[in-house]
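When reading the values below, keep in mind they use all heavy atoms of this one structure, side chains included, and skip hydrogens, waters and symmetry mates.
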Amino acid sequence: MTEAAFPLLGAAFVVLVVLPACALVARFLLTWLERDEARGPLHRLHLRYVVLTGSSVLPLAWFLSAGLHQAESGQSELACLIDHEAAGLCFEPGFFVLTLAFVVLVALVRAARSSGDARASSSSAAHALLQRLERVVSARPSLVELTHRLVVTDEEDFALGTQGWLSPRVLVGTTFAARVSDEMLASALAHEREHVLARDPLRYLLLRFALVVNPFGRLLLEPHVARWQAAREAHCDRAAVVAGAAPLALADAIVRAARPAGRPAAVQPAVALGARDTAVPKLRVGLLLAFAERAPARCCAPSPSTFPLALTLLFVTLLLPHQAGTLALDVLHTSAERALTYVSP
């Protein structure tokens, strides 16, 4: 039982104590980043996203890397985990890594299942809509990136959204498309184009994972996640208008896509034109009405991508235990064993 103390209690301590503590720090930082009202709600979106996801991903990456580092004994990590007699000192850190990796895998599966992806349809109505979409896209050079990325669904409660983690595609509902004009449809597709170029389905998946794996910290971060998602959608609206979309047509499409009743929020697609409440459409429509009166200025340079910064931080975090030591993991190890002695008869 003593040998199982560190793998089980250590992993539980990381999820139930370390991650919520990191979420608390992230909340203070996000509150500071969001208070700059002079620059509006779209300010520092990339940095806010990195803080939201990094508060869970980076601590997990550090503990996984530290556990593997302690498991090293001159052999490969795999041999160290299998051959306990030849590498007895790395037995417990190795199984700590396996336990924590299992928690990460379960959280990732739950986050993936909550995406609520719609299914493509092959009915006659879907085929007719696909031809219409191809005409709309071919007539507008700004939508050329959506060529061969359009899919149609007959699901009644689905309006329009982007799906696909590695190869994003845009799904359009036949019911929604029947209620909008070609100009409204083109403006909505311009919005989804921004999601496709930024690979937002993958980013939203990592964001959902950061909340699922941190159940107590989620209570602290959910308001900031909601604000980030609203700002992200408004940012895509702005980018669509800059690329040539009609702001009033896009606003009309948003209102039509915002359904008062539909699928439960737990299974609604995250990257979609519609919203789960009325506050987000009000924010977006208000900005679009302002853009109709005064067009947004084109930025002199494109904003930096989230992925390079996130991958750099992840790479540095994975290297830290190998360069700076694993004192925190040692403290966790000894504390778990001492806690077991207190509860043991």
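- Atoms CG and CG, from Leu309 and Leu313 in turn, are 5.0 Å apart once rounded to the nearest 0.5 Å.
- Residue His195 forms a side chain to side chain donor-acceptor pair (under 3.5 Å) with just one option from Glu192, Arg193, His191, and that option is His191.
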### Task
Give the C-alpha distance, both sets of side-chain angles, the deciding distance and a yes or no for side chain to side chain contact (heavy atoms under 4.5 Å, CB included) between Gln229 and Val280.
CA-CA 9 Å; Gln229 289 179 332; Val280 176; over 6 Å; no

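- Scanning both residues, Asn214 and Ala23, for their nearest heavy atoms gives ND2-CB, 3.6 Å.
- Within the 4.5 Å cutoff, the side chain of Ser122 has no heavy atoms near those of the His127 side chain.
- Closest approach of Arg199 and Pro168 over heavy atoms only: NH1-CD, 3.6 Å.
- With contacts defined as side-chain heavy-atom distances shorter than 4.5 Å, the pair Leu197/Glu145 qualifies.
- Leu166 CG: 12 or fewer foreign heavy atoms inside a 6.0 Å radius.
- Within the 3.5 Å criterion, the main-chain N or O of Arg284 finds no donor-acceptor partner in the side chain of Asp237.
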Which donor-acceptor pairs under 3.5 Å do side chains of residues 57-65 form with protein atoms, sequence neighbours excluded?
residue: Ser65; atom: OG; partner: Leu318; partner atom: O; Å: 2.5
residue: Ser65; atom: OG; partner: His322; partner atom: NE2; Å: 3.2

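- Distance alone, capped at 3.5 Å, places no donor-acceptor pair between the Glu194 side chain and the His235 backbone.
- Considering only heavy atoms from C-beta on, Phe96 stays 4.5 Å or farther from Leu8 through its side chain.
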### Task
May I have the step-by-step check of side chain to side chain contact (heavy atoms under 4.5 Å, CB included) for Phe209 and Val104, ending in yes or no?
CA-CA 9 Å; Phe209 163 76; Val104 170; 3.7 Å; yes

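- Rounded to the nearest 0.5 Å, atoms CG (Leu30) and CD (Glu34) are 5.5 Å apart.
- In this structure, OG on Ser121 lies 11.5 Å from CG on Leu130, to the nearest 0.5 angstrom.
- Under the salt bridge (Lys or Arg N to Asp or Glu O under 4.0 Å) criterion, Asp200 pairs with Arg203, Arg232, sequence neighbours left out.
- Under the 3.5 Å distance criterion, the side-chain polar atoms of Ser56 are left unmatched by any main-chain donor or acceptor of Thr53.
- When all heavy atoms of Ala177 and Val172 are compared, the pair lying nearest together is CB-CG1, 4.1 Å.
- Under the 3.5 Å distance criterion, the side-chain polar atoms of Arg256 are matched with a main-chain donor or acceptor of Arg179.
- Using modelled atom types, one side-chain atom of Thr153 and one backbone atom of Arg119 make a donor-acceptor pair closer than 3.5 Å.
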### Query
Do Tyr204 and Trp228 pass the ring pair (Phe, Tyr, Trp, His ring centres under 6.0 Å) test, and can you show the C-alpha distance, the side-chain angles, and the key distance before you say yes or no?
CA-CA 11 Å; Tyr204 277 61; Trp228 180 87; 5.5 Å; yes

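- A side-chain N or O of Arg227 and one of His224 form a donor-acceptor pair less than 3.5 Å apart.
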### Query
Are Val225 and Leu52 close enough, and set up right, to give a side chain to side chain contact (heavy atoms under 4.5 Å, CB included), and what steps lead you there?
CA-CA 7 Å; Val225 171; Leu52 285 168; 3.8 Å; yes

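- Rounded to the nearest 0.5 Å, atoms CG (Leu100) and CG (Leu105) are 11.5 Å apart.
- Between Ala234 and Leu287 the shortest heavy-atom distance is CB-CD1, 3.7 Å.
- Remark: Ala245 engages Ser187, Ala190, Ala240 in a side chain to side chain contact (heavy atoms under 4.5 Å, CB included) (not counting sequence neighbours).
- A salt bridge (charged side-chain N to carboxylate O under 4.0 Å, His left out) check over residues 123-141, counting only residues at least two apart or in different chains, returns the pairs Arg132-Asp182, Arg140-Glu183.
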### Residues Val152, Leu171; criterion side chain to side chain contact (heavy atoms under 4.5 Å, CB included); working and verdict
CA-CA 5 Å; Val152 176; Leu171 270 78; over 6 Å; no

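- Looking at residues two or more places apart in sequence or on another chain, you find no salt bridge (Lys or Arg N to Asp or Glu O under 4.0 Å) involving Arg149.
- Put simply, Leu332 and Phe216 are part of the same group of oily side chains (I, L, V, M, F, W, Y) that touch within less than 4.5 Å, one to the next.
- Nearest heavy atoms, Ala243 versus Ser142: O-CB, 3.7 Å.
- Linking Ile, Leu, Val, Met, Phe, Trp and Tyr residues whenever their side-chain heavy atoms come within less than 4.5 Å places Val17 and Leu329 in a single cluster.
- Hydrophobic clustering places Leu16 together with Val213 (ILVMFWY residues linked when any side-chain heavy atoms are closer than 4.5 Å, directly or through intermediates).
- Leu133 has its side chain out of reach of Val170: every pair of non-hydrogen atoms, C-beta onward, lies at least 4.5 Å apart.
- With sequence neighbours excluded, no residue forms a salt bridge (Lys or Arg N to Asp or Glu O under 4.0 Å) with Asp154.
- The side-chain heavy atoms of Leu24 and Leu220, taken from C-beta on, include a pair separated by under 4.5 Å.
- Contact of the Thr147 side chain with the Val137 side chain is registered, since non-hydrogen atoms from C-beta on lie closer than 4.5 Å.
- Because its NZ or CZ atom is both nearer than 6.0 Å to the ring centre of Trp32 and within 45° of the ring axis, Arg44 counts as a cation-pi partner of that residue.
- Linking ILVMFWY residues whenever their side-chain heavy atoms come closer than 4.5 Å, directly or via other members, leaves Leu319 and Leu314 in distinct clusters.
- Interatomic distance, Leu248 CG to Glu293 CD, rounded to the nearest 0.5 Å: 9.0 Å.
- Checking side-chain atoms of Arg27 against main-chain N and O of Leu221 turns up no donor-acceptor pair under 3.5 Å.
- Atoms CZ and CG, from Phe176 and Asp157 in turn, are 13.5 Å apart once rounded to the nearest 0.5 Å.
- In this structure, Ser181 and Met184 have side chains that are in contact, with non-hydrogen atoms separated by less than 4.5 Å.
- Linking Ile, Leu, Val, Met, Phe, Trp and Tyr residues whenever their side-chain heavy atoms come within less than 4.5 Å leaves Val14 and Val212 in two separate clusters.
- Between Leu189 and Val136, the shortest heavy-atom distance links the atoms CD1-CG1, 4.3 Å.
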